[in-house]
Amino acid sequence: MQVGSSTVTVIDTVLDVADAEADRLGFWAAQARRLDWDTDFTQVLDYTDAPFARWFADGRLNVAHNCIDRHVAAGHGDRIAIHWEGEPGDHRTISYADLQADVSRAANALTTLGLVAGDRVAIYLPMIPEAIIAMLACARLGVLHTVVFGGFAAHALRDRINDAAAKLVITSDGQYRRGVAAALKPAVDEALSTAPEESTVAHVLVVRRTGGDVAWTHDRDLWWHDVMATAAPQHTPEAFPAEQPLFLLYTSGTTGKPKGIVHTCGGYLTQAAYTHQVIFDLKPATDVFWCTADIGWVTGHTYAVYGPLSNGATQVIYEGTPEFPDQHRHFEIIEKYGVTIYYTAPTLIRTFMKWGAEVPDAHDLTSLRLLGSVGEPINPEAWRWYRQVIGADTLPVVDTWWQTETGAAMISPLPGIAAAKPGAAMTPLPGISAMIVDDDGNRIAPADGSAEPVTGYLVVDQPWPAMARGIWGDRQRFIDTYWSRFAEQGWYFAGDGARYDADGDIWVLGRVDDVMNVAGHRISTAEVESALVGHPAVAEAAVVGAADEQTGQRICAFVVVAKSYSDWSDVDDAIIGELRTRVAAEISPIAKPRMVHVVPELPKTRSGKIMRRLLRDVAEGRELGDTSTLVDPSVFEAIRTGR
Ligand code: WT7
């Protein structure tokens, strides 16, 4: 750690940074003591089956008890857990005591439906309190939830339900998006209608949100309010082993098949609670925390559910989009609830910049005392604007680097300790060991200012409590995907490129694999390609992420039209429209390619590998890089003069 002194005080916690380095396991054992353990653990880490770690394995705890009951027992039942604001302007105030009653009811209802520890439940809901209640009810029962982002289409939902072999789906009639009540349940009906005959889903629980008409499958579908009405508001949580799986969360990788990342109870909750407290300098009795991420993503899991609630914090949950009814919405919410800590994504910050400072300037934002950023590299310009305009030129800004697979934040400045720099994720948190290495695994030297800084691979070289415990149902894929690049050293390769500056601080530059990051959403090129080649007109497709000022990256597709279908040069716009719509319908509107270029051929190496680098050059309007390994360099003439 590059800090002035080795002992730093963050809130009431004294973090001995030197201790974290000298005795990492002792440090994490101390962090685990933030939680209530039903049975204490005697061993901190068992890494004999590396890379499958077991943390605090002989300890037992209940995650929902830690997020709710213990705060009520400590006399904080009246503290507000959630200020919920619906997009149309309705709101609900939920205290920790309310949450305890509702989660208990939901746990009893799920038990009545036959769910037992180890089962899987798919949650496909908008940002309404029931989403969090459902997650915690699962956690209380040792049932794994797999939350599927409400923006995903039926096809993507079906793949996740099937892979997880979920027994129950929890959804809503609809959701509010930009002022419109859009149906949600039809996607569940479609996903289940195309599921294999032996579908594992016995029931669909439906929350009434928009009041729209819903098609009903008798015996399978049940209203949430009906089952909750008859369920008792008391429930005694059972303690589970620390390594009991807590949830699956599907994320895109470099192939078309999403990976079900597995997280478990003790280690995940330890790091969620620890990072949420130290990174945000959280004072649970007085802060109002707002993480703007949807629970469909890991940020929403860790910093809109498990982190804040395990710390007994008060938080804001907002259902809708930032521009409804107008561009003032987020700032009105900050003002209305007195938000003190605001955590969002660079893509939204850049949108605010585009809208102009007069929007936030029209509001009293003086309640804010800390700002955070996550999801993609934040460009220095956006960082400065964020601090200056939203942060009155004084607030600390924390840029937090992490991933679905890391479970919780890994690299971030700590407020008040290391002075943050615009655009840098800075240093691994105390307890985390990460570094930047070259192809051969040699640590890259910090830039000395005389030459261009060298870019390398970001690796995590020591196990950490919230690390993924695997990919659901595919042990080998976990090893191959993350642990094979530096297998000899036993390091986790994150898939990101990064560099050190002259002070040895880390700047994360983004993915070096075929994973795109569009407005903080992770999408694989392979997933989009497989949706495109599913269209009868497409023989081949290559997708790249091109730099975009607003969204970080935008999706550009290059398609070769099937010979039987048409001559490539007279493909009309209708097909291009169809292709874009198809991707939106198969994956999600966020995966829709901004541009579809119809080309006679894809640029390939002699070994048949598509040269994405060159396609990225084309997409970003650059001069072509080295084309010497191309089979047929003239293919670019056609691509350029094409459409
Ligand atoms: C990828 C992980 C972390 C939760 C949200 C995304 C990129 C994330 C940063 C940051 C630069 C970042 C990386 C990473 N990323 N945070 N602060 N600076 N890049 O989770 O969907 O698993 O995506 O997001 O490329 O690998 P995810």
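Counting convention: from 1, in listed order, for ligands and their atoms alike.
Residues E376 and R350 are paired through a salt bridge, judged by an N-O separation under 4.0 Å between the basic side chain and the carboxylate. In this structure, E87 does not pair ionically with R177, as no charged nitrogen and carboxylate oxygen lie closer than 4.0 Å. Checked for salt-bridge contact, D438 and R443 miss the test: no charged N lies under 4.0 Å from a carboxylate O.
For the salt bridge (charged side-chain N to carboxylate O under 4.0 Å, His left out) criterion with K257, the lone passing option out of D163, D159, D474 is D163.
The closest heavy-atom contact to atom 20 (O) of ligand 1, among the options L249, T302, I523, T404, comes from T404. Closest heavy-atom approach to atom 24 (O) of ligand 1 among the candidates G510, G375, S373, A425: G375.
Side-chain atoms of Y342 and H330 include a donor-acceptor pair closer than 3.5 Å. With 3.5 Å as the limit, one finds no donor-acceptor pair spanning the side chains of T400 and Y303. Judged purely by distance below 3.5 Å, without hydrogens or angles, the side chains of T340 and D287 pair a donor atom with an acceptor atom.
Annotation: T400 places an N or O atom under 3.5 Å from an N or O atom of ligand 1; distance criterion only.
The cationic group of R485 lies under 6.0 Å from the six-membered ring centre of Y457 and within 45° of the ring axis, placing it in a cation-pi geometry.
Note on ligand 1: W297 sits outside its first shell, no heavy atom being nearer than 4.0 Å. Residue contact annotation: G495 has no non-hydrogen atom under 4.0 Å from ligand 1.
Counting protein heavy atoms only, atom 13 (C) of ligand 1 is closest to D496 OD2, 3.1 Å. Nearest non-hydrogen protein atom to atom 3 (C) of ligand 1 is W402 O, 3.0 Å. Ranking protein heavy atoms by distance to atom 5 (C) of ligand 1, first place goes to T299 OG1, 3.2 Å. Among all protein heavy atoms, the one lying closest to atom 10 (C) of ligand 1 is E376 O, 3.5 Å.
The ligand atoms of ligand 1 that sit less than 4.0 angstrom from a heavy atom of V374 are 3 (C), 4 (C). Listed by number with element, the atoms of ligand 1 under 4.0 Å from a non-hydrogen atom of V508 are 11 (C), 19 (N). Near P377, meaning under 4.0 Å from one of its heavy atoms, ligand 1 places the atoms 11 (C), 18 (N), 19 (N). Residue N517 has at least one heavy-atom neighbour below 4.0 Å for each of these atoms of ligand 1: 7 (C), 24 (O). Of all atoms in ligand 1, listed by their number and element, those nearer than 4.0 Å to a heavy atom of D399 are 10 (C), 17 (N). Under a 4.0 Å criterion applied to the non-hydrogen atoms of R522, ligand 1 contributes the atoms 2 (C), 21 (O), 22 (O), 23 (O), 27 (P).
Between F247 and H301, the ring planes lie tilted relative to each other; the angle falls in the 30° to 60° range.
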Report the C-alpha distance between E529 and R582 in whole Å, list the side-chain angles of each, state the deciding distance to 0.1 Å, and finish with yes or no for salt bridge (Lys or Arg N to Asp or Glu O under 4.0 Å). CA-CA 11 Å; E529 286 163 4; R582 183 183 172 88; over 6 Å; no
